[in-house]
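This structure is a prediction, so every number in the text was calculated from the model and none was measured. Sequence positions, counted from 1, serve as the residue numbers for this chain. Remember, it's 1-based here, ligands and their atoms both numbered in the order they're listed.
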Amino acid sequence: MKPQVKKRLVVIGNGMAGARAVEEILAKGGSIGLDITVFGDEPHGNYNRTRLGRVLSGEDSEEDIFLNALSWFRENNITLHAGVRVERVDKFSHHVFASDGRVVQYDQLIIATGSHPFLPPMEGLYTPSGTIRRGVFTFRTLDDARRMIVFARQEHIRRAVVFGGDSLAQEAARGLRAQGLEVEVLSGIRGAAILGTDPITGVSVSTQADRDCHMVVLTAGSRPNVDLAVVSGLAVERGIVVDDHLRVMDEEDVYAVGECAQHRGEVYGMVAPLWEQAAVLADHITGSDRGSMYLGTRTIPHSNAGSLLAPSGGK
Ligand SMILES: Cc1cc2nc3c(=O)[nH]c(=O)nc-3n(C[C@H](O)[C@H](O)[C@H](O)COP(=O)(O)OP(=O)(O)OC[C@H]3O[C@@H](n4cnc5c(N)ncnc54)[C@H](O)[C@@H]3O)c2cc1C
């Protein structure tokens, strides 16, 4: 009997949705028929993003929050390119082109590129060369948390302002307080400006008195990461447009999952929807249930991630 030729599955994005989709695919027998390659922009294994606040506060170590360390990928015969960004997809020849020059062919492609922090228009935010000013931070990745900790622990850094009105702002503030800083959370960002250059010396807020601070954290929402999909000619509105099978509109073999995906007009910013999406996606990728459909997530419990983790491989 001829050996079965495996299909090549490429996953772009090793965040919570990408890795969850891979776990679901393995749980549904995907390793038998699929050669899986994962590209992840971040130079780590896969970690629980919802616990970054606890890393910032020192309650969790970095090791505590890993779901699938690099060794997990090796043990499951998954090729992981960690720290490698995919720049473009050629959907006609079925190739992905990565930042390290690598070109990989796929039979099926999953895009799970998540979101990036929204940077509001704000005077003083950028240096003349266009980089974000030293002392200003976003809060999305493990590297963001690491950078904030290193910065906050300097002797002369004593006060921080966190801009943002949601639980992410509260988590950032709580973490920085635990690092010994005096922290104020400001929800109104309109007309705000960063004062000073290097170091920054404070913020001005349109209707209130200026605040002195040495550090600013911006948690003003996030936007689906669709740049790759746009340059690759995929259907994009607010997010990458998918159907009830998580298949990208007008594409046969390209799927999107997680915060980068737009389903029935909705984009989601929490874990529960992407867990449900990953399960349906895996049904279709493995062929285990061709009738499986994602119809949207209606109730999103507050801070739901802790109770929903890991059906198969994760902690
Ligand atoms: C601090 C914090 C706390 C949170 N707390 C909660 C909570 O309590 N409850 C809850 O439900 N949700 C919470 N969330 C939201 C939750 O973490 C997200 O909904 C979830 O991580 C989204 O998963 P994702 O895979 O779509 O995106 P991400 O987890 O952001 O993963 C996307 C990955 O793709 C990578 N990537 C992007 N572009 C490319 C490319 N071109 N090539 C290769 N890789 C690429 C990125 O680097 C990233 O690693 C929190 C988020 C943060 C930041």
Side-chain angles (χ1 to χ4, degrees), residues 10-23 37-57 60 65 67-68 80-89 96-100 102 104 109-118 137-145 148 162 164 166-175 217-219 221-232 234 239-240 246 256-263 267-278 281 297 299-309:
V10 172
V11 181
I12 305 174
N14 188 27
M16 296 196 74
R20 179 68 166 212
V22 172
E23 287 183 6
T37 301
V38 178
F39 284 91
D41 202 8
E42 296 182 69
H44 318 287
N46 166 250
Y47 61 88
N48 185 351
R49 204 172 293 289
T50 72
R51 284 171 67 176
L52 284 178
R54 295 177 61 85
V55 172
L56 186 59
S57 67
D60 282 348
I65 69 164
L67 298 169
N68 304 110
L80 172 65
H81 300 296
V84 182
R85 186 171 185 76
V86 173
E87 310 273 13
R88 185 170 68 85
V89 175
V96 303
F97 297 82
S99 55
D100 63 351
R102 207 177 291 269
V104 176
L109 178 69
I110 297 175
I111 301 178
T113 48
S115 292
H116 58 82
F118 171 64
F137 298 85
T138 53
F139 188 26
R140 177 80 195 178
T141 65
L142 181 55
D143 288 347
D144 289 337
M148 278 195 267
V162 177
D166 61 10
S167 56
L168 194 56
Q170 297 304 332
E171 279 194 56
R174 199 176 67 86
V217 183
L218 298 173
T219 63
S222 55
R223 298 284 181 274
N225 232 332
V226 294
D227 297 357
L228 169 73
V230 170
V231 298
S232 306
L234 300 171
I240 306 169
L246 283 312
V257 66
E259 287 194 6
C260 67
Q262 176 183 322
H263 172 263
V267 292
Y268 295 97
M270 298 199 91
V271 173
L274 68 88
W275 270 196
E276 294 173 22
Q277 293 175 359
L281 174 57
T297 302
T299 43
I300 301 177
H302 178 67
S303 197
N304 50 21
S307 60
L308 285 164
L309 287 172

Numbered atoms of ligand 1 (with element) below 4.0 Å of Phe39, judged on heavy atoms: 43 (C), 44 (N)

Who pairs with Arg85 by salt bridge (charged side-chain N to carboxylate O under 4.0 Å, His left out), at least two apart in sequence or on another chain? Asp41

Element-labelled atoms of ligand 1 that are located less than 4.0 Å from some non-hydrogen atom of Phe139: 1 (C), 53 (C)

Which is it for Glu171 and ligand 1 at heavy atoms under 4.0 Å: side chain, backbone, both or neither? side chain

Tyr47 pairs by side chain to side chain donor-acceptor pair (under 3.5 Å) with which of Arg51, His44, Arg49? Arg49

Contact partition for Tyr268 relative to ligand 1, non-hydrogen atoms under 4.0 Å: neither

Ligand 1 atoms in contact with Val84 (distance to a heavy atom under 4.0 Å): 43 (C)

So is Ala112 close enough to ligand 1, meaning a heavy atom under 4.0 angstrom away? yes

Are the side chains of Ser222 and Glu259 in contact, using a 4.5 Å heavy-atom criterion? yes

Under a 4.0 Å heavy-atom limit, does Leu274 contact ligand 1 with its side chain, its backbone, both, or neither? side chain

Any nitrogen or oxygen of Ala17, main chain or side chain, under 3.5 Å from a nitrogen or oxygen of ligand 1? yes

Please identify which atoms of ligand 1 are closer than 4.0 Å to at least one heavy atom of Gly269. 15 (C), 19 (O)

Minimum heavy-atom distance Ser57-Arg174, with the two atoms named: OG-NH2, 4.4 Å

Is there side-chain contact between Phe39 and Val10, with at least one heavy-atom pair below 4.5 Å? yes

Pairing donors with acceptors under 3.5 angstrom, does anything connect the side chains of Tyr268 and Gln277? no

Using a strict 4.0 Å cut-off to heavy atoms of Val271, name the atoms of ligand 1 that fall inside it. 10 (C), 11 (O), 12 (N), 16 (C), 19 (O)

Any heavy atom of Asp227 closer to ligand 1 than 4.0 angstrom? no

Please check if the side chain of Asn46 supplies one atom and the backbone of Leu67 the other of a donor-acceptor pair under 3.5 Å. no

Within this structure, what is the CG-SG distance for the pair Leu228 and Cys260, rounded to the nearest 0.5 Å? 9.0 Å

Subset of ligand 1 atoms that lie under 4.0 Å from at least one heavy atom of Gly13: 34 (O), 35 (C), 44 (N)

Heavy-atom nearest pair, Leu56 first then Glu171, reads CD2-O, 4.4 Å

Counting only nitrogen or oxygen atoms and a 3.5 angstrom limit, does Ala272 reach ligand 1? no

Which atoms of ligand 1 are found less than 4.0 Å from any heavy atom of Ile12? 40 (C), 42 (N), 43 (C)

Would Gly40 count as a polar contact of ligand 1, with the cut-off being nitrogen or oxygen pairs under 3.5 Å? no

Closest to atom 2 (C) of ligand 1 among Leu168, Thr219, Leu52, Thr113 (heavy-atom distance): Leu168

Could you tell me whether a side-chain N or O of Thr113 sits under 3.5 Å from a main-chain N or O of Asn225, the two making a donor and an acceptor? yes

Heavy-atom nearest option to atom 7 (C) of ligand 1, drawn from Leu56, Thr50, Asp41, Asp166: Thr50

Taking both backbone and side-chain atoms of Asn225, is any N or O found less than 3.5 Å from an N or O belonging to ligand 1? no

Applying side-chain contact (heavy atoms from CB on, under 4.5 Å) between Leu109 and each of Ile12, Val11, Leu234, report the one that passes. Ile12

Run the numbers for me: atoms of ligand 1, each under 4.0 Å from some heavy atom of Gly258, listed by number. 26 (O)

The criterion is salt bridge (charged side-chain N to carboxylate O under 4.0 Å, His left out); which residues satisfy it with Asp143, sequence neighbours excluded? Arg146

